[in-house]
Number of protein chains: 2
Amino acid sequence: MTALDLFTREARNLSKSARTRARLMDAAVDVFARDGFEAASVNEITRAAEVANGTFYVYFKDKDEIASAVAYRIAHDVVQQLDTAMVGISDAVERTSCATRRFLDLASSNPHWGLALFRAVWIYTDLRDSVVSYLRADLALGVTQGAFTAEIDDFLISTFSAMTMAALFRRLNGEAGPDAGSRLAELQLRMLGVAPDLAKRVAFQDLEPVTLTIPVIPREAQRSKKN
Amino acid sequence: MTALDLFTREARNLSKSARTRARLMDAAVDVFARDGFEAASVNEITRAAEVANGTFYVYFKDKDEIASAVAYRIAHDVVQQLDTAMVGISDAVERTSCATRRFLDLASSNPHWGLALFRAVWIYTDLRDSVVSYLRADLALGVTQGAFTAEIDDFLISTFSAMTMAALFRRLNGEAGPDAGSRLAELQLRMLGVAPDLAKRVAFQDLEPVTLTIPVIPREAQRSKKN
DNA sequence: CGATTAATTGACATATATCTCAAAAATTCC
DNA sequence: GGAATTTTTGAGATATATGTCAATTAATCG
C-alpha cells in the first residue's frame with residue numbers, strides 16, 4: 001500500500017466490508033505493478049493489504065477474480081478520463097494525437113496503476129478491446145475526413161496499440177521523458193498517412209493539463225446483504 | 001517435446017550428456033511457448049523432456065539459466081539467418097523492409113521457437129538489443145541515404161521493435177496471415193518518412209523464399225522409444 | 001569381462017501457495 | 001449492556017515447486 005490507494009479513498013465512507021475489499025484492490029494494484037501479474041500471489045496481496053490470508057477469500061474467489069476487478073476498474077476510469085478530455089475535438093488528426101498523449105500522461109501519472117494496466121492488457125484481451133474501442137472510431141473518422149490513408153483494420157489497430165503500450169512501458173521505466181506522448185503521436189500520425197510536417201505540428205501542439213479526478217461517493221444508506 | 005526438437009537433432013552425434021542437455025532445451029522451448037516463461041516450472045520441463053527432476057540440475061542451475069541458454073541460442077540463429085538473407089541489399093528502405101518481413105516469416109515458421117523468442121524478449125532486454133542491433137544500423141543508413149526523415153534513437157527503435165513483436169504475436173496466434181510482414185513493413189516505412197506509394201511498393205515486392213537452414217540431416221527413419 | 005567413470009534417478013528436506021473453516025473479534029442494533 | 005450479526009483471523013489440510021544427494025544404472029575402456 002505505497003501508492004495513492006484510490007480504491008480505499010473512494011470507499012472510505014462505505015461499509016467496512018467495502019473498505020476491506022477496496023484495500024485488497026489497492027494492494028493488488030501495487031503487487032501486480034511490482035511483481036507482475038503472473039508472479040503475484042494472494043499471500044503477497046494480503047500482506048500488502050495488512051489483512052489475514054483468509055480475508056481475501058471472503059471477497060474474491062482467487063487471484064484472477066481480483067485481477068479482473070482491478071483491471072476493468074482501471075480501464076473504465078481511463079476510458080472515462082480520456083472521454084471527457086476529448087469532448088469538443090472534432091478533427092480526427094487532433095483526436096488521435098490527443099488520445100495517445102492523454103493516455104500516456106494519464107497512465108504514467110500513477111505508475112502503479114499504469115503498470116497494473118499495462119500488465120493486465122497482456123492478460124485480458126477483451127480489456128484491451130474496450131480501451132481501444134473508440135480509437136477505432138477516431139481512426140475511421142480520419143479516413144472519412146480524408147486525413148488518413150492507411151487501411152483501418154485489426155492489424156493496424158493492434159500495431160497502433162502495441163506502439164502505445166511500448167511507449168507507456170518506457171515512460172514508466174523512466175527511459176522516456178514527458179515528450180513520449182508527442183513523439184509517439186507524431187510517429188503514429190505519419191504511419192496513418194499524415195504529412196510529416198502536419199504530424200509534427202499536431203503532435204507537439206500545446207495540450208492543456210487535465211488533473212486526475214477521483215470520484216467521491218456520498219455515504220451509503222445501504223443496509224442488508226445476502227445470507 | 002512436440003515440435004522439431006532442433007537442439008536434439010543438432011546434438012544427435014554428440015555425447016550423451018550433450019544430448020540430454022539438448023533434450024532439456026527443446027523441452028524448455030515447448031514449455032515456455034505453451035505456458036509462458038513465468039508460469040513454466042522445472043518440473044514441467046523435465047516432464048516434457050522425459051527425464052527425472054534431478055537430471056535438470058546437472059545441466060542447469062535453475063529455470064533462468066536454461067531460459068537464457070535457449071533464448072540466446074534462438075536469437076543467435078535468427079540473427080544469423082537474417083544476416084545471410086540480406087547480403088547484397090544496399091538500399092536502406094529495402095533492407096529495413098526485408099529485415100522485418102524475413103524476421104516475421106522466420107519466427108513464425110516454427111511457432112514454438114517464435115513464441116519462446118517472443119516471451120524471452122520481454123524478460124531479457126539485452127537479448128532484444130542483440131536482435132535489434134543491426135536494425136539500428138539500417139535505420140541510420142536510411143538517414144544518411146536521405147530515405148528516412150525520422151530521428152533514429154532509442155525511442156524510435158523501441159517503437160519499431162514493439163510493432164514487430166506485436167505483429168509476430170498476431171501471426172503466431174493466427175490472427176494475421178502471411179502478408180503480416182508486408183503490411184507491417186509498409187507501416188514502418190511510412191513511419192520512418194518514406195512516401196506512401198514507395199512504402200507500399202517496397203513492402204509488397206516479391207521476396208524470394210529462403211528456407212530455414214537448420215542442420216537437418218536425412219538419415220535414419222524416426223523410430224520411437226528408448227530403453 | 002570387470003573395473004572405472006559418466007549419467008541418471010527419485011526420495012527427501014525445504015519452501016511457499018491455495019483455500020477452508022471453526023473460533024475470535026468487532027460492529028450493529030434494540 | 002448485551003444479544004445478534006458481520007467481519008476477521010490464522011492454523012491446518014492439500015498441493016506443488018525447488019534443489020540436494022546417496023544410490024542406482026549405463027557407458028566406456030583396458
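Because only heavy atoms are used, hydrogens play no part in the values below, and waters and symmetry mates are left out as well, while side chains stay in. Sequence lines set the chain letters: A, B, ... in the order given, protein chains first and strands last, and positions in each chain run from 1. These numbers were taken from a predicted model, which means no experiment stands behind them.
Within the 4.0 Å cut-off from OP1 or OP2 of C:dT20, not a single side-chain nitrogen or oxygen of A:Tyr57 is found.
In terms of modelled atom types and a separation under 3.5 Å, the side chain of B:Thr20 and the main chain of B:Lys16 share a donor-acceptor contact.
Residue pairs meeting the salt bridge (charged side-chain N to carboxylate O under 4.0 Å, His left out) criterion with at least one partner in residues 150-173 of chain A, sequence neighbours excluded, are A:Arg136-A:Asp154, A:Asp153-B:Arg183, A:Arg170-A:Glu175. Among pairs with a residue in residues 59-72 of chain B, none fulfils salt bridge (charged side-chain N to carboxylate O under 4.0 Å, His left out), at least two apart in sequence or across chains.
Ring geometry for A:Phe37 against A:Phe32 counts as tilted: the plane angle lies between 30° and 60°, on a 0 to 90° scale.
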Per-nucleotide protein contact string for nucleotides 8-15 of chain C, where B marks a base within reach and S marks sugar-phosphate only (heavy atoms under 4.0 Å, - for neither): BBBB----
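In this structure, A:Leu14 places its CG atom 12 Å from P of D:dT7, rounding to the nearest Å. The CG atom of A:Leu24 sits 13 Å away from the P atom of D:dT7 (whole-angstrom rounding). Computed from coordinates, the B:Asn43 CG to C:dA17 P distance equals 16 Å when rounded to whole Å. In this structure, A:Arg47 atom CZ and D:dT9 atom P are separated by 14 Å, rounded to whole Å. Per the geometry, CD1 belonging to A:Ile45 stands 12 Å off C1' belonging to C:dT18, to the nearest Å.
The residues B:Asp77 and B:Arg73 are annotated as salt-bridged, a charged nitrogen and a carboxylate oxygen being separated by less than 4.0 angstrom.
Positionally, the nearest nucleotide of DNA chain D for A:Ala18 lies more toward the 5' end than for the other of A:Ala18 and B:Lys63.
Defined by atom type and a distance below 3.5 Å, a donor-acceptor pair is present between the side-chain atoms of A:Asp126 and A:Tyr72.
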